[in-house]
Amino acid sequence: MPSALAGRMLGMEKTMIRRINDLADPSCFNLGLGELQFPTPKAILDHVRENLDSWRLGYSPNEGFPELRKLIAEQSGESVSPEQVCVTVGAEEALLDVLMVLVEPGDEVLIPDPGFPAYASLVRLAGGGPKPYPLCPGDDFAFRAERVMGLITDKTKAVIINSPNNPTGSVHSPKELLALAGRLNSLPLTVISDEVYRDIVFGEPAASVAGLAERCVTVNSLSKSHSMAGWRIGWCVAPPDIAKAVRTFHQLAVMCVPSLSQYAAIHALRGFADEEKRSNLEELRKRRDFAMACVDRYTGLPYVAPAGAFYLFVDVSGRLARFDNSLDAALKLLAAEKVVTIPGSAFGRVGEGCLRLSFAPAPDILEEGIKRIGRFFRG
Ligand code: PMP
């Protein structure tokens with residue numbers, strides 16, 4: 001029987017990250033998940049408990065409560081108005097909305113390689129073609145505006161950038177972002193800046209392209225910054241014409257983000273969880289340093305110290321002789337040692353030869369997981 005599915009779903013599957021995690025059981029040492037392990041900040045939970053009975057939990061305005069959009073606008077720059085903000089079901093919905101309103105069949109969207117796997121699928125879902133630009137391992141996965149510019153054609157509709165980057169943890173330099181904006185401002189295309197890891201940096205604050213590029217949409221969420229992934233609070237900030245279209249698409253797709261989550265988000269953006277945010281970041285810094293020490297000690301595998309996010313992108317290319325590729329190695333590592341990692345190929349062609357290890361888990365999981373990785377690759 002011919003498939004009942006629309007052509008846009010052909011070849012579309014769950015991302016490799018999810019498929020590998022689906023194979024894992026609770027006894028595994030899971031270094032695969034892209035989620036912090038800290039609980040929702042206590043200040044947020046207390047606020048929700050205290051006010052639950054008095055809040056009206058009906059539909060909110062489609063684009064989000066005015067108070068929440070005002071806070072997001074204020075924190076996004078002096079000239080940003082709440083009309084430019086749409087509150088979405090995580091950054092993931094914001095990315096989908098933006099691509100759906102911008103991309104037409106035949107359009108190309110430049111995406112980072114290695115980069116967050118959903119970019120390519122979302123671009124395809126919107127009818128466009130994803131075109132990867134490299135973040136080169138030989139260059140410490142640094143973002144180079146020149147490598148993006150070299151790929152732009154008259155079909156290019158948008159460029160997605162992600163700093164700090166998932167999976168490499170690299171933070172884009174202000175100089176390269178300025179160079180990119182300078183070159184793009186004369187072209188009819190939109191920069192989509194995915195900033196979900198912007199608050200998770202271990203050195204200098206991460207610069208944003210937002211104030212530099214004229215046509216720029218920023219996408220963000222509370223999933224990583226406030227360890228609130230399950231509350232599904234994200235947003236995009238866009239030029240007025242794009243914001244209006246996003247609001248319409250968002251209304252058709254989800255109506256509005258759950259009101260309860262929005263009340264929690266207002267409290268978070270008013271700063272009531274900032275103390276916990278700071279201590280979580282300190283703990284994450286310790287876990288990063290500990291994970292790097294464990295990789296050095298137990299595996300000797302090379303990696304680039306991540307400046308942000310919570311992943312180590314470890315180079316296993318020198319140990320792949322007995323495997324087909326990084327996916328094969330990750331699956332065998334899971335079967336033999338019960339350690340979940342994500343193969344670099346999940347993030348694009350340039351990522352092949354690496355494994356992504358999350359350092360969000362507790363130190364005992366990190367240490368045992370990495371010890372087992374060392375044993376596996378020695379074996
Ligand atoms: N962008 C990047 C780069 C991510 O890593 C993730 C989640 N892992 C998202 C977007 C989606 O985040 P959320 O929908 O939870 O806000």
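Order of appearance sets the numbers: ligands from 1, and atoms from 1 within every ligand. Numbers here simply count residues along the sequence, with the first being 1.
With sequence neighbours left out, K332 forms a salt bridge (charged side-chain N to carboxylate O under 4.0 Å, His left out) with D328. Contacts of E367 classified as side chain to side chain donor-acceptor pair (under 3.5 Å), with partners at least two apart in sequence or in another chain: Y298. By the side chain to side chain donor-acceptor pair (under 3.5 Å) test, R56 pairs with no residue at all, sequence neighbours left out.
Salt bridge absent: E368 and K338 never bring a charged side-chain N and a carboxylate O closer than 4.0 Å.
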Could you tell me, for ligand 1, which of its N or O atoms are under 3.5 Å from any protein N or O, listing the pairs and their distances rounded to 0.1 Å?
unit_1: ligand 1; atom_1: 1 (N); unit_2: D194; atom_2: OD2; d: 2.6
unit_1: ligand 1; atom_1: 5 (O); unit_2: N166; atom_2: ND2; d: 2.9
unit_1: ligand 1; atom_1: 5 (O); unit_2: Y197; atom_2: OH; d: 2.7
unit_1: ligand 1; atom_1: 8 (N); unit_2: K224; atom_2: NZ; d: 2.8
unit_1: ligand 1; atom_1: 14 (O); unit_2: A91; atom_2: N; d: 3.1
unit_1: ligand 1; atom_1: 14 (O); unit_2: E92; atom_2: N; d: 3.0
unit_1: ligand 1; atom_1: 14 (O); unit_2: R232; atom_2: NH2; d: 2.8
unit_1: ligand 1; atom_1: 15 (O); unit_2: S223; atom_2: OG; d: 2.7
unit_1: ligand 1; atom_1: 15 (O); unit_2: R232; atom_2: NH1; d: 2.8
unit_1: ligand 1; atom_1: 16 (O); unit_2: A91; atom_2: N; d: 2.7
unit_1: ligand 1; atom_1: 16 (O); unit_2: S221; atom_2: OG; d: 2.8
unit_1: ligand 1; atom_1: 16 (O); unit_2: S223; atom_2: OG; d: 3.1

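Donor-acceptor pairing under 3.5 Å is recorded for the side chains of T40 and W231. Using modelled atom types, one finds a donor on one side chain and an acceptor on the other under 3.5 Å when comparing D296 with Y303.
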